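Data block below; observations after.
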There are 2 protein chains.
Amino acid sequence: MALSQAIMTALIEDDMSGYELAQSFDSSLGLFWRASHQQIYQELKKLSDKGHLNKREVSQTGKPNKIVYGLTQSGREALQQWVYQDSKVQEAKDDLLVKLYNLDASNVSHMVTELEGRRESMMQRLYLYERIRRRHYAEPDSLPIRRQGVYLALLGGIRNAEQYLSWCDEALKQLGAINSN
Amino acid sequence: MALSQAIMTALIEDDMSGYELAQSFDSSLGLFWRASHQQIYQELKKLSDKGHLNKREVSQTGKPNKIVYGLTQSGREALQQWVYQDSKVQEAKDDLLVKLYNLDASNVSHMVTELEGRRESMMQRLYLYERIRRRHYAEPDSLPIRRQGVYLALLGGIRNAEQYLSWCDEALKQLGAINSN
DNA sequence: TTTTTATATGCAAAGGCTTGCATAAGTGAT
DNA sequence: ATCACTTATGCAAGCCTTTGCATATAAAAA
């Protein structure tokens, strides 16, 4: 569980409000880590209670005011220490894999539909990743060190999406062969 | 969340006790879905309260007795219906990716260590998958339909492990270049 | 002017998962 | 006999996450 660290990480370079965090989680770090706004607000409360974040209200014109959070020194230290803690590999926990264990003649066509859906959304994700890569990481070697880390995470996302896509194709081919018999 | 379906899926072909389920989750379906014994016992209780599972005590010699669970008709139906429900793609939620956003000169060598650890455990996982594949799925096309589904899930695991492994290599190469400057 | 949409934050209840503890039967080693 | 280990099941507390609701400001559309 690293939601608190994911939030602190998102705040390393820019202070943000809960609402902005929820949105930034739709891109950037959120490519790998999704959280609902309730989860984020609850976690922000915990983190500022702990003293890892400070908050200030910012007036806005044309919009309701917002509460902007920033990393405190204590937060920065906690984050750096967390980096050194060992983390385990997580299982995929993908429903689709469990569903495949239930494959039978009557649900093959549904599985095909789901796989096509996955294929499509992975394709879109891959386009997005590649667009980010071309725009911001065209020459990774010349980037500052933290940005190189972000690039490696992005590359992880790209490789994973490529692999998932090609697995979908393999699986669809196999299911197609079943259906035509 | 599909722990309950994962458990029911594991019980499709063989009745099992909680203890056996916890162990079988170390292989087979558990390749993709891990659960602690407490989680499993709690879920078994819920599922039998719902009428999706039946239980019977089985005497054993040389060991304590066990409580063996089996899918009821109601359970089978619920599982089949679940297959038709749409499921979403899940994010990776991998701590390591968040950590990479925190890369700096002082923690590069730790990241290298973690990546080498991941590489090693992915390699072992891949060996395991390939062993299972050779032993049970050498000729996937000739398998009964349900087994072909299981094979596709296994193939997903294999492709994913291969990809993760090669990403580790890419990342380690990049981090090596940083460290030598 | 009422409704809808986007921005912005939050509470409360329910449900799921983790952690720590507790129990118990049986085997094997010291 | 005692200790350690494996098999086997479970409670209870705490924590995390999800779901549903609630509120409020302001712009834009109907």
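Here the structure is a predicted model, which means the values were calculated and not measured.
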### Task
Answer with base, sugar-phosphate or nothing: what part of the nucleic acid does B:Ser17 contact at a heavy-atom distance below 4.0 Å?
sugar-phosphate
## Note on the structure
In whole angstroms, the gap separating C1' of C:dA6 from CG of A:Asn65 amounts to 16 Å
### Between D:dT23 (P) and A:Lys63 (NZ): distance, integer Å
25 Å
### Side-chain donor/acceptor of A:Ser87 to backbone N/O of B:Leu96, under 3.5 Å
no
### Task
Give the rounded distance in Å between these two atoms: OH of B:Tyr41 and P of D:dT7.
11 Å
### Task
Rounded to the nearest 0.5 Å, what's the gap from CD1 on A:Ile158 to CD on B:Glu170? Could you check?
9.5 Å
### Query
With respect to the side chain of B:Gln38, which nucleotide from D:dA8, C:dT19, C:dA8 is positioned closest?
C:dT19
### Query
Below 4.0 angstrom from OP1 or OP2 of D:dC11, is there any side-chain N or O of B:Lys45?
no
### Message
Between B:Arg146 and A:Tyr101, do the side chains contain a donor N or O and an acceptor N or O under 3.5 Å apart?
### Response
no
### Query
Just checking, any donor-acceptor pair under 3.5 angstrom between side chains of A:Gln148 and A:Asp141?
no
### Query
Does a side-chain N or O from A:Tyr19 land closer than 4.0 Å to OP1 or OP2 of C:dT9, or not?
no
### Query
In whole angstroms, how far is the P atom of C:dT18 from the CZ atom of B:Arg34?
12 Å
### Nearest-Å distance for atom pair CG/P, residues A:Leu44 and C:dT9
9 Å
### Query
Is A:Gln60 touching bases, backbone alone, or none of the nucleic acid, heavy atoms closer than 4.0 Å?
sugar-phosphate
#### Entry: Minimum-distance nucleotide (side-chain atoms of B:Lys66 versus D:dT7, C:dA8, D:dT9)
D:dT9
### Check: C:dT18 base within 3.5 Å donor-acceptor of B:Gln42 side chain
yes
### Message
Output the rounded distance in Å from CH2 (A:Trp33) to P (D:dT17).
### Response
8 Å
### Task
Please tell me which of B:His37 and B:Lys93 maps to the more 5' nucleotide of DNA chain D, matching each residue to the nucleotide holding its nearest heavy atom.
B:His37
### Task
Calculate the interatomic distance between A:Glu57 atom CD and D:dT25 atom P; express it in whole Å.
12 Å
### Query
For D:dC16, does either OP1 or OP2 sit under 4.0 Å from a side-chain N or O belonging to A:Lys46?
yes
### Nucleotide of C:dT18, D:dT17, C:dA25 approaching A:Glu43 most closely (side-chain heavy atoms)
D:dT17
### Message
Students often get this wrong, so: under 4.0 angstrom with heavy atoms, is B:Lys55 touching a base, only sugar-phosphate, or nothing?
### Response
nothing
### Task
Answer yes or no: is there an ion pair linking B:Glu114 with B:Lys99, defined by an N-O contact shorter than 4.0 Å?
yes
### Query
Within a reach of under 6.0 Å around OH of A:Tyr84, are more than 12 heavy atoms found that belong to other residues, nucleotides or ligands?
yes
## Note on the structure
Taking D:dG10, C:dA8, D:dT7 as options, the one with an atom nearest any side-chain atom of B:Tyr69 is D:dG10
#### Entry: N or O in side chain of A:Gln39 less than 4.0 angstrom from D:dT17 OP1/OP2
yes
### Message
Rounding to an integer number of Å, can you tell me how far B:Ile40 CD1 sits from D:dA8 C1'?
### Response
13 Å
